[in-house]
2 protein chains.
Amino acid sequence: MLMQQERIENGDGYQTVERAFELLESLAGGPRGVTELAVELGLEKSTVSRMLKTLAGLGYAVQPEKRGAYQLGPRVLYLADRYLDANRLIREARPVLERLALEARASAHLAREVGSQFLVVAKEASPELIQVASAVGGSCVPHASALGKVLLAGMKPALRMRWLQEPLQRFTEKTIVDRAALADEFELIERRGYALEAGEEHLGVGCIGAPVRDAGGRWIAALSISGPLRGTPFKLDREHIELLLAHARALSAALGYREAPAAAPVG
Amino acid sequence: MLMQQERIENGDGYQTVERAFELLESLAGGPRGVTELAVELGLEKSTVSRMLKTLAGLGYAVQPEKRGAYQLGPRVLYLADRYLDANRLIREARPVLERLALEARASAHLAREVGSQFLVVAKEASPELIQVASAVGGSCVPHASALGKVLLAGMKPALRMRWLQEPLQRFTEKTIVDRAALADEFELIERRGYALEAGEEHLGVGCIGAPVRDAGGRWIAALSISGPLRGTPFKLDREHIELLLAHARALSAALGYREAPAAAPVG
DNA sequence: CAACACCGTTGTTTATGAAGGAACAATACC
DNA sequence: GGTATTGTTCCTTCATAAACAACGGTGTTG
């Protein structure tokens with residue numbers, strides 16, 4: 001097969017499979033025609049046509065009408081359904097996210113460490129018209145998002161180091177790129193039990209993050225609410241922090257975490 | 001590449017892609033090792049190992065620990081999320097299914113025609129311990145399930161014929177395989193507005209199906225409750241039929257369907 | 001109404017990239 | 001400490017996927 005295009009990262013990994021998923025993820029953006037996709041991905045029309053036919057045969061794509069455009073097929077639901085079945089965290093989180101988004105009038109997200117990334121594994125969009133865009137399955141920045149900072153703060157310092165080895169990218173003037181300042185930040189988050197982020201990743205967008213604990217008390221995931229800092233009811237204030245913490249505690253409880261009984265008041 | 005195994009259906013379709021998805025769907029059943037999968041699918045260990053690495057690189061599989069077994073990755077959630085975004089029917093159906101399953105104490109399903117199949121596109125498991133097994137993304141039998149019969153009953157007779165061309169498979173002694181009897185059945189379903197099925201596909205399992213209508217009144221999907229005919233509160237009785245119909249009407253209304261005003265009583 | 005432009009599909013050919021087989025490195029288990 | 005089993009990596013080979021061009025539709029336009 002002649003590869004007229006540049007093949008940069010071909011260390012290993014099945015080229016054909018990678019292309020199939022590229023195609024599928026393009027389809028995820030809405031119905032697409034063969035020619036359109038071929039141009040978008042720099043492939044041959046015939047390749048795309050045959051690939052889509054394969055995907056359609058498997059149910060991961062559908063072609064509503066003969067000789068027409070393709071779109072995502074319902075078989076993707078099967079995989080997701082099975083994934084959720086195996087992940088108690090996400091299953092338990094769904095209703096919590098729904099209530100949280102509604103009450104906070106902000107977008108609610110759940111993230112956790114998967115492989116070597118921090119990924120958003122569930123979300124509920126804000127009921128407000130204006131909301132921050134995000135996608136399930138996307139990754140989040142370790143040092144510049146409330147979700148990432150909570151996940152890092154919950155790790156043993158040795159593990160945390162491995163996440164902060166690479167240079168810390170600066171997204172805005174508020175991004176914390178100083179390692180000493182970040183260390184203080186983690187200490188603060190661990191002590192207070194929540195993280196704040198105001199424009200560190202995107203200017204004008206704020207986020208509050210809180211840990212989700214498993215039965216052993218470990219911080220295994222992060223729950224957050226986020227939204228524009230102006231124009232919606234969402235604010236980085238005490239009320240929203242308490243609301244988030246309440247729901248994070250509820251989710252932790254659903255996972256079997258029992259809070260330590262409050263210390264008896266002295267005297 | 002030497003294909004020592006029989007390659008029966010290789011008309012077209014990318015072999016590598018088909019294998020990748022076979023692998024993924026195997027993983028959907030739970031964590032699997034490389035060797036295990038290789039045996040299960042009749043592939044070479046090396047092939048499976050490389051394929052899984054590719055899938056892991058894309059996020060569709062994960063290997064929780066080095067040199068360990070693989071499982072499904074969170075990227076599958078992304079595709080499903082986008083699919084749902086594009087499908088108002090399923091989005092609106094989810095809360096309806098939840099309530100319906102809880103109130104009927106039975107499994108609730110939503111099915112529709114996709115490509116050339118009737119597929120379950122959403123479900124909510126029964127709150128009862130004993131429940132019928134089913135999977136989102138699976139297909140349902142046109143002539144022997146309540147879902148299938150409702151979908152067929154809602155079609156124009158000409159279209160319906162195309163679904164019933166092949167010989168009608170008999171699953172149990174109750175399966176309707178006589179075409180005249182089936183025609184009567186469709187007429188009945190259309191008149192009553194719901195379908196009953198008792199052991200036609202699996203002995204001991206019953207199902208009630210009702211149509212979901214779009215704004216134009218067309219039957220675009222089928223909603224159902226199903227469960228064992230003994231051992232749970234689920235029954236094929238008037239109470240459950242009315243419950244299902246109420247939720248099906250609610251879903252239709254959410255999709256913009258306005259019921260015709262009841263005819264004024266005569267006299 | 002014919003000519004055109006566009007789309008998705010389908011042959012055919014070729015060398016590329018995936019499959020095979022075996023050896024390799026880690027574990028876990030006697 | 002040996003042994004069995006796991007997942008990974010080499011290397012060779014040829015079957016397979018990519019390219020390219022021609023085809024058969026559909027809708028549009030002069």
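Residue numbering restarts at 1 for every chain, and letters A, B, ... go by the order of the sequence lines.
- In terms of phosphate contacts, Ser49(B) brings no side-chain nitrogen or oxygen within less than 4.0 Å of OP1 or OP2 of dT9(D).
- Remark: the Ser46(B) side chain and the dC10(D) base include no donor-acceptor N/O pair separated by less than 3.5 Å.
- Separating the CG atom of Leu43(B) from the C1' atom of dT8(D) is a distance of 17 Å, rounded to the nearest angstrom.
- Side chain Arg50(B) to base dG7(D): no donor-acceptor pair is found below 3.5 Å.
- Between dA18(D), dA19(C), dG20(C), one nucleotide has an atom nearer to the side chain of Glu44(B) than all others, and that is dG20(C).
- In this structure, the nucleotide among dG8(C), dT8(D), dG21(C) sitting nearest to the side chain of Val34(B) is dT8(D).
- Counting heavy atoms from C-beta outward, Val212(A) and Val150(A) have side chains that stay 4.5 Å or more apart.
- Put simply, NZ on Lys66(A) is 14 Å from C1' on dG24(D), counting in whole angstrom units.
- The shortest side-chain heavy-atom distance between Val76(B) and Tyr60(B) falls under the 4.5 Å cut-off.
- What separates CD of Glu18(A) from C1' of dA18(C) is a distance of 13 Å, to the nearest Å.
- Under 4.0 angstrom from either OP1 or OP2 of dC7(C) there lies no side-chain N or O belonging to Tyr70(A).
- Residue-to-nucleotide contacts include no donor-acceptor pair under 3.5 Å from the side chain of Arg32(A) to the base of dG8(C).
- Atom CG of Leu23(A) and atom C1' of dA18(D) are 14 Å apart (whole Å).
- The 12-atom threshold is exceeded at CZ of Arg179(A), counting heavy atoms of other residues, nucleotides or ligands nearer than 6.0 Å.
- Each of Thr47(A) and Arg67(B) was matched to the nucleotide of DNA chain C holding its nearest heavy atom; the match closer to the 5' end belongs to Thr47(A).
- Put simply, the side chain of Gln63(A) does not reach to within 4.5 Å of the side chain of Gln71(A), judged on heavy atoms.
- Remark: C1' of dT16(C) and OH of Tyr14(A) are 14 Å apart, rounded to the nearest angstrom.
- Closest of all the heavy-atom pairs between Val141(A) and Glu201(A) is CG2-OE2, 3.3 Å.
- Spacing between atom CD of Gln15(A) and atom P of dG17(C) amounts to 5 Å, rounded to whole angstrom units.
- Here dT9(D) presents its C1' atom at 17 Å from CE of Met51(B), a figure rounded to the nearest Å.
- One atom, NZ of Lys45(A), and another, P of dT12(C), lie 18 Å apart when rounded to the nearest Å.
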